[in-house]
Amino acid sequence: MAKNGNGDKPWGGRFSESTDAFVEEFTASIQFDQRMYKHDIEGSKAHSAMLAKVGLLTDAEKQKIHQGLDEIKAEIEQGTLEWSISLEDVHMNIEARLTDKIGITGKKLHTGRSRNDQVATDIRLWLREQIDFISSEIRRLQVALVDVAEREFDTILPGFTHLQVAQPITFGHHMMAWYEMLVRDYERMQDCRKRVNIMPLGAAALAGTTYPIDRTYSAELLGFDRPANNSLDAVSDRDFAIEFVSAASLVMTHLSRFSEELVLWASAQFNFIDLPDRFCTGSSIMPQKKNPDVPELVRGKTARVNGNLIALLTLMKSQPLAYNKDNQEDKEPLFDTVDTLMGSLRAFADMMPHVQVNKDAMRKATMQGFSTATDLADYLVRKDMPFRDAHEVVGKAVGYGIEIGKDLSEMSLQELQKFSDIISDDIFEVLTLEGSVAARDHLGGTAPAQVCKQVEEARKTF
Ligand code: ARG
């Protein structure tokens, strides 16, 4: 057979000149897709086992392939396998190495398969594993938050709306709000996993294959719920990756909001918390500085993940069926999303148990913004005043408090009675911070008793 210009390429048969050196580099993905080597090998083992089951390989050939692939895995892990740009991607690198090692049998592995269904299968296997890692990091952070909530179940701080002091709340309640966001994040990951766990293998290039393959068998071997129903769809859509990055984007958005609060709370102006030194850094010029770098960076990294989401959506939007090389661009945003999310979750889960709470500063801040004004209004309503009138009465009392520099709880009974004569000395219990939070004692309320219940419920799910 006449030697062609691209004799070293598995697809070189119809070519009469070699690939331009720059194009070779430009079109290769081995620089980043080598990360999926384990899943590529796992997929190839299942595929060859299926080929043997339906009689397209002998058992001996299958054994040889499996042994060769196991050895290649070890070579990769020991760092002795040299990845080659001219072999484009992880799939062809591994296949070429297999043929090097076991000869002609290695060339039979690709029977009834294309890189198009191979890569789609690899990404799904890889992502499924990452979703499991991410889910357990989300859980670890949830456990940390529940522990803090339990410890600080009755610690009082101001709750804010518009970043203005609104009503007293408990720190435990605040932690459990973050916890709830993560419950939904966890569920979204699990839900996304269901759609990731469908097997493209067997779709071949786009139309399926003429061999009598058994896709249910390969799906079973790989732990997929089922084979994909349509070969064109199976090789071309990356909606599962988009869905994952979108779920990741929401986790990051939540972490970014937590970060924003930690940064505010750690400032000298708030002074609500102390972050452990080992999660902060100093300034090269201002010796007094202790900067909350970890939350700031998590807040910043949210931008990357949001960017990755837009990148993947845009990548997909103009592709006709079926596979297009555009899809090779799916990996870096996906990998970067996983790395960024894992790092951010890890930092939070490690840091949260060691956040020191400054109860006095929180209490002082709660005393500052007339945070029990609603409690006074509710008290008047309980004594039969219509709520709108009560609102008006309390508004006047607050105006007076601002003028003389006193909180409602610091006024005398006589002072309070100037605004309404139905106020009696049972008011003082209502105006204390403890009384205020304890009174909100229903499902979802901020009362310490409710925090304890929520903590208990949460623990049952771990
Ligand atoms: N490296 C490719 C990718 O990531 C693998 C599939 C290539 N298929 C092809 N027909 N060129 O998408």
Side-chain angles (χ1 to χ4, degrees), residues 135-161 163 165-188 250-267 270-276 279-280 292 294-296 298-299 302 341 344-366 371 433-434 436-462:
S135 300
S136 62
E137 278 305 86
I138 293 178
R139 273 277 183 266
R140 198 162 72 85
L141 175 54
Q142 286 181 306
V143 170
L145 292 172
V146 167
D147 288 345
V148 179
E150 185 165 51
R151 205 177 69 213
E152 309 293 343
F153 77 105
D154 61 353
T155 302
I156 291 175
L157 77 160
F160 296 93
T161 59
L163 205 57
V165 171
Q167 291 173 348
I169 56 169
T170 48
F171 197 77
H173 192 56
H174 200 115
M175 291 297 107
M176 291 307 283
W178 291 358
Y179 165 84
E180 285 293 328
M181 296 178 217
L182 292 169
V183 169
R184 295 190 294 277
D185 288 331
Y186 185 91
E187 284 173 4
R188 263 187 288 273
L250 279 170
V251 186
M252 289 302 296
T253 298
H254 288 149
L255 295 183
S256 182
R257 297 185 65 199
F258 304 171
S259 296
E260 174 69 7
E261 294 199 321
L262 293 178
V263 170
L264 284 172
W265 290 350
S267 68
F270 275 81
N271 191 29
F272 284 4
I273 56 164
D274 265 320
L275 294 173
F279 289 92
C280 297
V294 168
E296 286 177 303
V298 168
R299 192 176 57 187
T302 306
L341 182 55
S344 304
L345 284 167
R346 180 184 168 169
F348 257 78
D350 288 351
M351 179 178 66
M352 282 315 295
H354 308 288
V355 170
Q356 298 279 326
V357 172
N358 190 348
K359 294 187 196 210
D360 291 344
M362 287 186 185
R363 203 182 170 83
K364 241 190 237 153
T366 319
S371 64
L433 302 183
E434 281 70 20
S436 171
V437 292
R440 287 165 172 77
D441 191 11
H442 55 77
L443 175 70
T446 198
Q450 290 298 325
V451 175
C452 295
K453 275 191 197 156
Q454 294 305 314
V455 163
E456 205 179 301
E457 287 305 311
R459 292 218 190 276
K460 284 188 204 154
T461 67
F462 297 149

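On a predicted model such as this, the values are computed, not experimentally measured, just so you know.
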Would you indicate whether the side-chain heavy atoms of [Y] and [X] approach each other to under 4.5 Å?
X	Y	result
Val451	Glu456	no
Met352	Phe258	no
Met351	Leu275	yes
Asp147	Arg151	no
Leu250	Asp185	yes
Thr155	Met362	yes
Phe279	Pro292	no
Ile169	Ile156	no

Quick one, Glu260 with Arg257, criterion salt bridge (Lys or Arg N to Asp or Glu O under 4.0 Å). Give me CA distance, side-chain angles, the key distance, then yes/no. CA-CA 5 Å; Glu260 174 69 7; Arg257 297 185 65 199; over 6 Å; no

So is Arg139 actually on top of Tyr186's ring, under 6.0 Å and inside 45° of the axis?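 Yes, a cation-pi geometry holds between Arg139 and Tyr186.
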
Please tell me whether Thr366 and Ser371 have a donor and an acceptor in their side chains that are separated by less than 3.5 angstrom.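 Distance-only check fails for Thr366 and Ser371.
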
Hey, could you give me the [atom1]/[atom2] distance between [X] and [Y], rounded to the nearest 0.5 Å?
X	Y	atom1	atom2	value
Thr170	Met176	OG1	CE	10.5 Å
Leu341	Leu255	CG	CG	7.0 Å
Arg184	Leu182	CZ	CG	9.0 Å
Leu443	Gln454	CG	CD	6.0 Å
Ser135	Gln142	OG	CD	10.0 Å

Please step through salt bridge (Lys or Arg N to Asp or Glu O under 4.0 Å) for the pair Glu261 and Arg299, ending with a clear verdict. CA-CA 11 Å; Glu261 294 199 321; Arg299 192 176 57 187; over 6 Å; no

Taking only residues two or more places apart in sequence, or in another chain, which ones meet Glu187 in a salt bridge (Lys or Arg N to Asp or Glu O under 4.0 Å)?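 Result, salt bridge (Lys or Arg N to Asp or Glu O under 4.0 Å) vs Glu187: none returned.
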
List the residues meeting salt bridge (Lys or Arg N to Asp or Glu O under 4.0 Å) with Arg346, not counting sequence neighbours, and say none if there are none.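 With neighbours one apart ignored, the set is Asp350.
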
Under 3.5 Å donor-acceptor, Arg440 side chain and Ser436 backbone: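 Side chain of Arg440 to backbone of Ser436, a donor-acceptor pair under 3.5 Å: yes, one is there.
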
Using modelled atom types and a 3.5 Å cut-off, is there a donor and acceptor pairing between side-chain atoms of Asn358 and backbone atoms of Asn271?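 Answer holds: yes.
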
Going through the checks in order, is the side-chain contact (heavy atoms from CB on, under 4.5 Å) test met by Val263 and Phe270? CA-CA 10 Å; Val263 170; Phe270 275 81; over 6 Å; no

Are Met175 and Val146 close enough, and set up right, to give a side-chain contact (heavy atoms from CB on, under 4.5 Å), and what steps lead you there? CA-CA 7 Å; Met175 291 297 107; Val146 167; over 6 Å; no

Looking only at the aromatic ring of each residue, does the gap between the centers of His173 and Trp178 stay below 6.0 angstrom?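 They do not qualify: ring centres at least 6.0 Å apart.
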
Residues Phe171, Val357; criterion side-chain contact (heavy atoms from CB on, under 4.5 Å); working and verdict: CA-CA 9 Å; Phe171 197 77; Val357 172; 3.8 Å; yes

Non-hydrogen atoms of Val165 and Ala365 that approach each other most closely: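 Where Val165 meets Ala365 most closely, the heavy atoms are CG2-O, 3.9 Å.
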
What are the two closest non-hydrogen atoms of Val298 and Met252, and how far apart are they?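 Minimum heavy-atom contact is O-CE, 3.7 Å.
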
Quickly, which of Val143, Leu141, Val148 forms a side chain to side chain contact (heavy atoms under 4.5 Å, CB included) with Leu145? Name it, please.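 That would be Leu141.
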
Could you please spell out the steps behind the side-chain contact (heavy atoms from CB on, under 4.5 Å) verdict for Leu262 and Phe348? CA-CA 11 Å; Leu262 293 178; Phe348 257 78; 3.8 Å; yes

Phe272 vs Phe160 aromatic rings, parallel, tilted or perpendicular, using cut-offs 30° and 60°?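 Correct class here is parallel.
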
